[in-house]
Participant: 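Got a structure here, written out as C-alpha cells. Questions coming.
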Number of protein chains: 2
Amino acid sequence: MMADAAALVAMTLDAVIVAVSQGRPRLLVVDEPGQPPALPSGPLDVERDATLELGLRRWVRSRTGLEVGYVEQLYTFGDRDRRPDAGPQRQVSVGYLALVEETEPPLDARWVDVYALLPWEDQRDPEPGPEEAAIRAALEVWAAQGADADVRRERAERVAVNFGPPWDGIRALERYELLYGAHLLPEWARDTGAPPPGIDTGIALRFDHRRIAATALSRLRGKLTYRPVVFELLPERFSLLELQHTVEALAGITLHKQNFRRLVERSGLVEGTGQRARSQAGRPAELFRFRPSVQRERPRPGVGVPYR
Amino acid sequence: MMADAAALVAMTLDAVIVAVSQGRPRLLVVDEPGQPPALPSGPLDVERDATLELGLRRWVRSRTGLEVGYVEQLYTFGDRDRRPDAGPQRQVSVGYLALVEETEPPLDARWVDVYALLPWEDQRDPEPGPEEAAIRAALEVWAAQGADADVRRERAERVAVNFGPPWDGIRALERYELLYGAHLLPEWARDTGAPPPGIDTGIALRFDHRRIAATALSRLRGKLTYRPVVFELLPERFSLLELQHTVEALAGITLHKQNFRRLVERSGLVEGTGQRARSQAGRPAELFRFRPSVQRERPRPGVGVPYR
DNA sequence: CTAGTTATGCTCACTGGGAGCATTATGAGC
DNA sequence: GCTCATAATGCTCCCAGTGAGCATAACTAG
C-alpha cells in the first residue's frame, strides 16, 4: 500500500498582517474592484522558496514593501467550498499571522480595524454597543428556534459558553463559527444563496478570509499570555501604559493599571531606560524596553491577560 | 496585481494517531520494507473529501480500520528538502493529531512508544537515563564549540531554556529542533550526508515524520492544560489514578497524587459513578466519568499540569 | 490477624493576582 | 506662583489556587 499517494492541489499563502495603532488592532487588506476586501495572498514560488514561511516573507516584501518580523503559521484551509470561484482544482490556503510595527499604509493595501471585522470581539467597553446587543439578541432567537428541545439546549449552551460570562478572548474563532452556523453572517448568505441576515455583523471579507482573521485573533490572544509577542508591535521604547493599551487592544478587554504594572515589572519582561516620555498631561512616564533575556529565566514569559 | 496566484503542489495528510496504554503514550507507524517506520499518510480525495479533516478520517478508517475520535490539525510542512525522494514537485504535508482509545494493533500498522522516538521527553524518572545524560552532555559540547563567544552564549542559552530547569513539557518541538540543529539526530546525517551522530537519540522516522511527532506532542501537552482532551484516551469509566497516569504519560512528568485528585474533583471535570474498581491491591478506587457539561461552567477546563 | 498497598480526607504555608487607597510629578489655566 | 486635572507610581489587603505532606480508611495476600 502506498504510503505517499498525494493529491495535486492549488496552494496560496494568505497573511493576516497585524499592527496596533492608536489603541486599535489593525490588519492589512487589499482591494480589487467590485469585490469585498481580501487578505493579502500570494503564491509559493516552488523553485525559489525553500520553505513556506520564506515564500510568505518574499511576496509580502515584494508586494507591500513590508519586512515582517514575527511570522507564525496559523492553519491550513482546504474546504471544498471555500473558493466557489475555483474549478475542480482544490484551492488550499496556508494562513499566516505576521506582526509589524505601525507603518505608513503600504503599497496596494490598507489597514482596517480588526474590530470593524469582528465587532463583538471588542469587550473593552463594558456596555455592549447596539451592534453587539443585536447580535446577542439574534443568537438568543436562533437558540430558541432549534427543532427540538435537545437542539435548543445545545444551541443555548454554545451561546453561553462562547459569549460568556466569563468572557474568553481566545474563543474568537469559535464565536465566528457560531455566528456563521447561526446564519448571522453575510458569508453564509453568499455561500448558500440564502437571504442576507437582517443585522450588522461587521465587514465581511472575500472567501473565508474573515474566518482566517478570526483564527489569527484567537491565536494571537493565546500567544500573548505565554510568549512576549506584544513587543513586536511596539517601538523599541514605550511607556507601561502604551504597553498596556496595546495588550488591551489585542485582548479586547481592559486591565487593572496598577496590577498590570506590577505583573510586567515583576516578570522581568521589561527594563527601565531611565528616560521619560514627554507628557501630555500628568506625570511623565518612564520609558521601558523589552528584555530579551527574560526567556532564559522564565520558560513561558507573557503578559498576564486574565482570560477565564 | 493578482490576489490569488496559486502554486500547484502535491499534498498528503499525515496523521499522528496517539493512544495511551500501560502508562505509556504510543503512536501508530507503518512499515515499508527497507525503510524506517513512517507516520500513516494518505491523500486528499479531491472529489469526495469536502474538507481536509474528512479526508483524513476517511483514509485512516479505510486503511487502519480505526474510527478516530478527536482530530486536530497540527501544522503544514512544506520545506523543499523534506522529501528528498521527490522530484521538482513540492511535497506538502498537512499534519494531524488524532486521539483514540487503546485498541488492537490495527491493520498494516503498529503502536510505538512515543518515548522510544523522543526519549528525552520522558521526565517521569527524576534521574536522567544514560541516553538522556549522553544527549545533555553532547549539547554542552555543541554549545562550547560555537565559532565565537556570541554563538557559544546563544547556544548555551538555548540549551538552558529548552532542557530546563524548569522543565517545560510544551517545548518538545523546540527540543527536537535544537537537537537537529546540533547535528545530534540521524535525520541530520541523512539529510546532509554528514556522518551519523555517535550517540543514541531515539528511533528516527522517515522524512520529517519525527518532527511531526514532536509537533504533536507539544500540541497535545499544551491542549491538555486547557481542554478536556485526556478523556478521549480513556475508557468511559476510570479511576482517578488511571486518569493521573494517563496525564503523566503524556506530560512526561509526575504529579502529586492528592493534589491532582483535589484539582480534578474540584474542577468539575469528572463525576463519581458510585462504582468501585476491582482492586489489585489496596483500597478499591471509585470509578469516575467525564462530565461534558463542565464546558458550560468553566471556559477553559483542563487538567492541571504545572508546566513552568 | 497482620502487613502491605492504595484511596481518600485534611491541614498548612506560600504565592499570584484582584481591588483599591495614597502619594508624586507634571501641564494648563488663572 | 497657585490651584486643579491628569497620569504615574507605590503600597496594602484579601483571597483563591496550589505545593507538600500527615493521617486515616479500605482493601488483598498471607
Side-chain angles (χ1 to χ4, degrees), chain A residues 23 126 165-167 224-226 237-248 251 253-288 294 297-308, chain B residues 23 126 165-167 224-226 237-248 251 253-288 294 297-308:
Chain A
W167 180 258
L224 218 50
T225 67
Y226 63 93
R237 280 142 201 263
F238 47 82
S239 69
L240 293 185
L241 191 58
E242 284 166 344
L243 175 59
Q244 181 179 348
H245 284 331
T246 304
V247 171
E248 289 176 335
I253 56 175
T254 55
L255 303 169
H256 184 285
K257 187 168 170 172
Q258 297 94 315
N259 290 344
F260 181 82
R261 153 183 300 272
R262 176 179 63 187
L263 190 72
V264 166
E265 289 203 277
R266 260 201 342 201
S267 71
L269 277 170
V270 299
E271 60 191 358
T273 63
Q275 292 176 46
R276 310 263 138 194
R278 71 239 163 303
S279 63
Q280 316 302 333
R283 177 172 170 175
E286 183 169 6
L287 292 179
F288 288 77
V294 67
E297 301 150 17
R298 299 164 53 84
R300 310 180 62 198
V303 292
V305 182
Y307 278 143
R308 56 191 64 214
Chain B
W167 180 259
L224 218 51
T225 66
Y226 63 94
R237 281 143 200 263
F238 47 82
S239 70
L240 292 185
L241 190 59
E242 284 167 344
L243 175 59
Q244 182 180 347
H245 283 332
T246 305
V247 171
E248 289 177 335
I253 56 176
T254 55
L255 303 170
H256 184 285
K257 187 168 171 172
Q258 296 95 316
N259 289 344
F260 181 81
R261 155 183 299 274
R262 175 178 65 188
L263 190 71
V264 166
E265 289 202 276
R266 262 203 341 203
S267 70
L269 276 170
V270 299
E271 60 192 357
T273 63
Q275 293 176 47
R276 309 264 138 194
R278 74 245 161 300
S279 62
Q280 316 302 334
R283 176 173 171 174
E286 182 169 8
L287 293 179
F288 288 77
V294 67
E297 300 150 17
R298 298 165 53 85
R300 312 183 59 201
V303 292
V305 182
Y307 279 143
R308 56 189 67 212

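Since this is a predicted model, take the numbers as computed values, not measurements. The chains referred to below are lettered A, B, ... by the order of the sequence lines, with proteins before strands, and numbering in each begins at 1.
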Participant: When you compare the side chain of A:Glu286 with that of A:Leu240, does any pair of heavy atoms fall below 4.5 Å?
Facilitator: no
Participant: Whole angstroms only, please: what is the CD-C1' distance between A:Glu265 and D:dT9?
Facilitator: 9 Å
Participant: Which heavy atom of A:Gln244 sits nearest to which heavy atom of A:His256, and what is that distance?
Facilitator: NE2-C, 4.2 Å
Participant: So do the side chains of A:Thr246 and A:Phe238 get within less than 4.5 Å of each other, counting heavy atoms only?
Facilitator: no
Participant: Could you give the distance from CZ (A:Arg283) to CZ (A:Arg276), rounded to the nearest 0.5 Å?
Facilitator: 6.5 Å
Participant: Rounding to a whole Å, what distance do you find between B:Phe260:CZ and D:dG21:C1'?
Facilitator: 19 Å
Participant: Quick check: on DNA chain D, is the nucleotide nearest A:Arg276 upstream (toward 5') of the one nearest B:Arg276, or the reverse? Name the residue that is more 5'.
Facilitator: A:Arg276
Participant: Can you tell me which nucleotide in C:dT26, D:dT9, C:dA7 comes closest to the side chain of B:Arg261?
Facilitator: C:dA7
Participant: To the nearest Å, give me how far apart CG (B:Leu243) and P (C:dA7) are.
Facilitator: 12 Å
Participant: Within this structure, what is the CG-to-C1' distance between B:Leu287 and D:dA26, rounded to whole angstrom?
Facilitator: 15 Å
Participant: Starting at atom CZ of B:Phe288, determine the distance to atom P of C:dA7, rounded to an integer number of angstrom.
Facilitator: 11 Å
Participant: At a cut-off of 3.5 Å, list every protein nitrogen or oxygen paired with a nitrogen or oxygen from nucleotides 2-6 of chain D, distance to 0.1 Å.
Facilitator:
{"residue": "D:dT6", "atom": "O2", "partner": "A:Gly282", "partner atom": "N", "Å": "3.4"}

Participant: Would you give the length of the straight line joining atom CZ of B:Arg261 to atom CG of B:Leu243, rounded to the nearest 0.5 angstrom?
Facilitator: 10.5 Å
Participant: Over all heavy atoms of both residues, which pair between B:Ser239 and B:Ala285 is shortest? Give the atoms and the distance, please.
Facilitator: CB-CB, 3.7 Å
Participant: So A:Phe288 and A:Leu269, do their side chains get closer than 4.5 Å, heavy atoms only?
Facilitator: no
Participant: Please report the interatomic distance OG1(B:Thr254) to CZ(B:Phe260), rounded to the nearest 0.5 Å.
Facilitator: 12.0 Å
Participant: Report all interatomic pairs (protein N or O, nucleotide N or O of nucleotides 10-16 of chain C) with separations under 3.5 Å.
Facilitator:
none

Participant: Under 4.0 Å, counting only non-hydrogen atoms across every strand here, what does A:Leu241 touch: a base, just sugar-phosphate, or nothing?
Facilitator: sugar-phosphate
Participant: Can you check the A:Leu240 CG to D:dT9 C1' distance for me, whole Å?
Facilitator: 10 Å
Participant: Work out which heavy atom in A:Leu287 is nearest to a heavy atom in A:Thr273; give both atom names and the distance.
Facilitator: O-OG1, 2.7 Å
Participant: Let me know the distance between NZ of B:Lys257 and P of D:dA23, rounded to the nearest Å.
Facilitator: 18 Å
Participant: Starting at atom NE2 of A:His256, determine the distance to atom P of D:dC13, rounded to an integer number of angstrom.
Facilitator: 16 Å
